[in-house]
Amino acid sequence: MPKLTGAQVLADMLAGYGVSHVFMVPAVLRRTFAEMERRTSIKRIHVHGEKAAAYMADGYARASGRPGVCMAQVVGALNLAAGLRDAWLAHSPVIAFTGGRDPHTKFRQVYQEVDDVPAFEPVTKFNATVDEVGRFPDMVRQAFRVAVSGAPGPVHLQFRGNEGQIDQEEADMEPLCEDLFAGVPPFRPEPEMSRVMAALDVLQKAERPVIVAGGGVRASGAARELVQLAEKLAIPVATSLNGKDSIPGSHPLSVGVVGTYSRESANRVVAQADLVCFVGTQAGGMTTHFWAVPKIGVAAVQIDIDAESLGRNYPLKAAVLGDARTTLAHMLKHADAATAARRKPWVDTARGICHKWRETYKPALESDAVPIRPERICAELSRHVPDDAIVVVDTGHAGMWMGGMYDLKSPRQSYIRSAGHLGWAFPAGLGAKCGAPGRPVVVFTGDAGFWYHIAEIETAVRWKMNTVTVVNNNSGGNQSKRGFDRAYGGEQTARGRELWTFNRTNFAKIAEDLGATGIRVEKPADIAPALERALKADRPVVIDVVTDIEVLAPTAVSA
Ligand SMILES: Cc1ncc(C[n+]2csc(CCOP(=O)(O)OP(=O)(O)O)c2C)c(N)n1
Ligand SMILES: [Mg+2]
């Protein structure tokens, strides 16, 4: 076995697993970075905050299906841990490396040191220390294995030394990599056929079934099988926010995103269903509008790769443990197309509900109002985002507007979204561009969301991460308006607005100052030309759209 330093092993192994970019705030694993330069072509993306580094790694992972890697020295470790929360909630395979405590000096008031390991516990599937250099190969392999296996998720390794100086030490080591665990999914566990047939039987006997597809469909690459099954059996498809790219919005069986950040038509269809088939979703609070849509007690079937999710939130008529694509392929093969005719009235009902939604929201989607309505931005994005784009969306109103109002128009488009953390989308979009450099990346965020990591415009310019970021700029975090109205017992006082409004800011100008392209849009007719110009630009672009602060996204319906 060759004698190698930890740094050499780590550099070789990251390259061996196909990692193309790592995201960090220095100084951590310095020798490893020097070895990366000598031995690999990995890009070392040095950013302005550890949380942004974690979000970039997360966007990279969700866009590419391969683990995203982020790093921080001991003093930045908790900032990095904070950035793993979204990856944890979204089942994104992010690998975090930090520097940490040295047994020779711990408990002696070492500069900048606290015991960070416990803070990673709630946001990781595997949280471990590397205290002995000879353990680099097996611990790195385990990090990749855990990150991508089953329901994917974040992993943390803390390397000894506040900056991970253990990487300078030598041992006899083999930097062996396992291709199997370089991406999601490593395995496609076969379901038990008796359970597949039982699920299919329940589905085919239902008169008003609906499929609710989640992020597990993307993780498994099962969108095609899902849509084919829905077509063969004539079953409307709703998705979770995380599963929005399971079916294009333009598909006749698509009813939209169901749950809290949703489209009214999806909630109405799911509420009227006599059977709900959950695929690759935990049926959590957001997807079910806190278990009101569908109501608990509705007949349900669930397909998941994680046994612990099966039946957790809804009692099941049939449960299938297995890979989504494999399971759906079996169902497709055995499905009886002759049963589809029975569901025609139900499909017509669902289409009627969708048609009504479109009619209701048409005035807002096509509104020429100035200041611009956010619905109009969504409609322009539906029309102009390229078919192979990755759409990256923030939370809060951004999640509501895009979840409800935006339509993917091609199965080649991807949609990834913040699982709840404001400010995630802009850095995640930069990471997505690194993970899928050949695809256009279009980010949608509010201004409060954009403020969080605005410094990363400089990173984007420096590393030529050419994303298009559309900022719905209403000079405030106006999703908070409703909550503060309630807190003030009706309409809040003028001073109440101090709690959620900001100064007017021209983000296009800031972007230009930092070397990006900035486009300020104040009239609805200018959105499309701005997008067209931005998509052709050879620099990162910020499109700053001035919108109406009084316009609130519609809240979810539960009947
Ligand atoms: C980390 C984090 N902190 C706080 C929140 C609560 N929150 C949700 S939306 C929002 C305001 C969003 O404002 P903006 O991005 O400007 O969008 P707008 O509602 O104005 O369209 C806040 C503070 C959150 N989701 N995440
Ligand atoms: Mg705002």
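If you read the sequence from its start, that first residue is 1, and numbering goes on from there. Counting starts at 1 for both ligands and their atoms, following the listed order.
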Tell me how many protein N, O or S atoms are closer than 2.8 Å to the Mg ion (ligand 2). 3
If the plane angle is over 60° it's perpendicular, under 30° parallel, otherwise tilted; pick one for Tyr415 and Tyr406.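 Parallel.
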Hey, what's the ring geometry for His397 with Trp401, parallel, tilted or perpendicular (30° and 60° as the breaks)?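 Ring orientation, 0 to 90° scale: tilted.
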With a 4.0 Å cut-off, strictly under, does atom 6 (C) of ligand 1 pick up any protein heavy atom? no
Under 3.5 Å, is there a donor-acceptor pair linking the side chains of [X] and [Y]?
X      : Y      : result
Asn127 : Glu121 : yes
Tyr55  : Ser418 : no
Gln413 : Ser410 : no
Thr517 : Arg533 : no

Could you check whether [X] pairs with [Y] (Lys NZ or Arg NE/NH1/NH2 to Asp/Glu carboxylate O, under 4.0 Å)?
X      : Y      : result
Arg376 : Asp548 : no
Lys356 : Glu359 : no
Arg497 : Glu550 : yes
Glu308 : Arg312 : no

Under 4.0 Å, heavy atoms only, figure out whether ligand 1 is touched by the backbone of [X], its side chain, both or neither.
X      : value
Thr395 : side chain
Leu422 : both
Ile549 : neither

When you compare ligand 1 with Ala398, is there at least one nitrogen or oxygen pair between them that comes in under 3.5 angstrom? no
Is there a nitrogen or oxygen of Asn474 sitting under 3.5 Å from a nitrogen or oxygen of ligand 1? yes
Would you please indicate if the ring centroids of Phe507 and Trp451 are separated by under 6.0 Å?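 Between Phe507 and Trp451, the centre distance is under 6.0 Å.
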Step through the shown structure and confirm whether more than 12 heavy atoms of other residues, nucleotides or ligands are within 6.0 Å of CZ on Arg482. yes
Considering only non-hydrogen protein atoms, determine which one is nearest to [atom] and report residue, atom name and distance to 0.1 Å.
atom                    : answer
atom 21 (O) of ligand 1 : His397 CB, 3.1 Å
atom 15 (O) of ligand 1 : Gly449 N, 3.0 Å
atom 18 (P) of ligand 1 : Asn478 OD1, 3.2 Å
atom 19 (O) of ligand 1 : Gln479 N, 2.8 Å
atom 11 (C) of ligand 1 : Gly477 CA, 3.6 Å
atom 17 (O) of ligand 1 : Gly446 CA, 3.8 Å

For ligand 1, which atoms sit closer than 4.0 Å to a heavy atom of Asn472?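 Every atom of ligand 1 under 4.0 Å from some heavy atom of Asn472: 21 (O).
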Hey, is Gly476 one of the residues with a heavy atom under 4.0 angstrom from ligand 1?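 Checking ligand 1 against Gly476, which is what was asked, there is a heavy-atom contact under 4.0 Å.
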Below 4.0 Å from ligand 1: does a non-hydrogen atom of Tyr452 turn up there or not? yes
Heavy-atom nearest option to atom 25 (N) of ligand 1, drawn from Ala553, Gly396, Gly423, Gly420: Gly420
Test applied, side-chain hydrogen bond (donor to acceptor under 3.5 Å, both in side chains); reference residue, Ser92; option that passes from Asp86, Asp58, Asn242: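 Exactly one pass, corresponding to Asp58.
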One should read off an interatomic distance between Phe450 CZ and Asp394 CG, to the nearest 0.5 angstrom, of 11.0 Å
